[in-house]
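These numbers come from the heavy atoms of this one structure, side chains and all, not from hydrogens, waters or symmetry mates. Small disclaimer: the values here were computed from a predicted structure and weren't measured.
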Amino acid sequence: MTAAAGRATRALPALFALLTAVHLGALLADATTAVHLTKPALMPALAAWALVRGGPWPLPAALVCGCGGDVLLQIGGETAFLAGMGCFAAGHLCYLALFTRTGRGVLLTRTGRGVLLTRDGWPRTAPWVAAGYGAAWLGTVALLWPGLETDLRLPVAGYSLLLTVMALAALGAGPRTGLGGALFMLSDTLIAAGLADWPRPPVPQFWIMATYIAAQWLLMAGATREAAPRPGPEPALVRT
């Protein structure tokens, strides 16, 4: 590693942490200018960190798509919202491209301790886990449907299905990415709850962004860790 790369490796995490702290603090303080200035900078800083960590191209691409979504959602209005949702959907497709080619998958057995090592193909999870994610998607859409504007129903349902598939693939790629996918689902559910006029926690934007930032960081950290080369035997099921 060159000296410049070493400095970047140390500086970028600090920059991302600083931007996160300022942004979340600004949300709590209702400091609109600081919120608008820091939000577009969060994902580019994380994307640069991913590149320094040697992340494959779909990872920074997903984070850049997230930046586009962040900017569009700040603009407001239905057109910008749909365009922002499209940006996030493109990011989820990038994550899917990444997680379906990672070298490791996690198989949740009844004891929760089975690990399935894979080289290629779709990351594998126990069928009941996939069924649980599917039920969560279906239940959320069914509950939100009556409260959504008519022209938002199908886009929200389709987007949330893609998000659920990404989160399931993230779970198959490792525990950190799995938690990141679950938090992404939670963050977007809070956004959808606002669209449907559901009750939300105080300062909802703080919780939306806190879970979103944590989700993106976990996806980045887990993906760069799982993408690292691993010497070892051919694919095998290992139970402990």
Side-chain angles (χ1 to χ4, degrees), residues 43 50 55-66 68-70 73 81-109 115-116 118-145 148 152-193 195-196 208 211-227:
M43 293 305 110
W57 71 264
L59 181 55
L63 295 168
V64 169
C65 288
D70 290 339
L73 292 189
F81 175 81
L82 290 172
M85 191 163 57
C87 285
F88 286 119
H92 297 328
L93 290 173
C94 291
Y95 278 131
L96 278 172
L98 174 63
F99 295 141
T100 54
R101 74 177 196 177
T102 53
R104 185 182 177 201
V106 174
L107 175 67
L108 300 181
T109 64
V115 178
L116 180 65
T118 62
R119 297 295 181 193
D120 300 296
W122 191 269
R124 304 179 189 177
T125 55
W128 63 265
V129 178
Y133 273 63
W137 167 76
L138 185 60
T140 301
V141 169
L143 290 170
L144 287 171
W145 191 270
L148 293 174
L152 289 178
R153 287 174 175 173
L154 288 179
V156 168
Y159 168 81
S160 61
L161 178 59
L162 176 60
L163 171 58
T164 303
V165 173
M166 184 281 289
L168 185 60
L171 178 62
R176 288 189 185 184
T177 53
L179 179 57
L183 285 176
F184 217 132
M185 290 178 66
L186 175 58
S187 178
D188 280 11
T189 299
L190 289 172
I191 294 175
L195 294 174
I208 289 169
T211 50
Y212 166 71
I213 293 169
Q216 294 279 38
W217 178 81
L218 284 164
L219 289 167
M220 185 281 293
T224 52
R225 179 178 179 182
E226 296 303 322

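Counting only heavy atoms from C-beta outward, the side chains of Leu59 and Tyr95 approach each other to under 4.5 Å. With a 4.5 Å cut-off on side-chain heavy atoms, Phe99 and Leu219 count as touching. In this structure, the side chains of Asp70 and Phe88 come closer than 4.5 Å at one or more pairs of heavy atoms.
In this structure, the separation between CD1 on Ile213 and CG on Leu218 is 12.0 Å, given to the nearest 0.5 Å. To the nearest 0.5 Å, atom CG of residue Leu152 and atom CE of residue Met85 are 6.5 Å apart. Taking CG of Leu73 as the reference point, atom CG of Leu82 lies at 10.0 Å (rounded to 0.5 Å). Between the CG atom in Leu154 and the CH2 atom in Trp145 there is a gap of 4.5 Å [rounded to 0.5 Å].
Considering every non-hydrogen atom in both Ala61 and Cys94, the closest pair reads CB-SG, 3.9 Å. Scanning all heavy atoms of the two residues, the minimum distance from Met43 to Gly66 falls at CG-C, 4.2 Å. The two residues Ile208 and Thr211 make their nearest non-hydrogen contact at O-OG1, 3.1 Å. Gly69 and Cys87 get closest at one heavy-atom pair: N-CB, 3.5 Å. Minimum interatomic distance between Ser187 and Tyr212 (heavy atoms only, all atoms of both residues): OG-CB, 3.4 Å. The minimum heavy-atom distance between Pro60 and Gly55, with the atom names listed, is CD-O, 4.5 Å.
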Name the atoms and distances for all side-chain donor-acceptor pairs under 3.5 Å in residues 159-169, with sequence neighbours left out.
unit_1: Tyr159; atom_1: OH; unit_2: His92; atom_2: NE2; d: 2.9
unit_1: Tyr159; atom_1: OH; unit_2: Asp188; atom_2: OD2; d: 2.4
unit_1: Ser160; atom_1: OG; unit_2: Trp137; atom_2: NE1; d: 2.9
unit_1: Ser160; atom_1: OG; unit_2: Val156; atom_2: O; d: 3.0
unit_1: Ser160; atom_1: OG; unit_2: Ala157; atom_2: O; d: 2.9
unit_1: Thr164; atom_1: OG1; unit_2: Ser160; atom_2: O; d: 2.8

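In this structure Leu144 satisfies the side-chain contact (heavy atoms from CB on, under 4.5 Å) test together with Thr140, Leu148, Ala192, Ala196, Trp198, sequence neighbours excluded.
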Under the criterion side-chain contact (heavy atoms from CB on, under 4.5 Å), I'd like the reasoning laid out for Trp217 against Leu183: C-alpha separation, chi angles, the key distance, then a yes or no. CA-CA 11 Å; Trp217 178 81; Leu183 285 176; over 6 Å; no

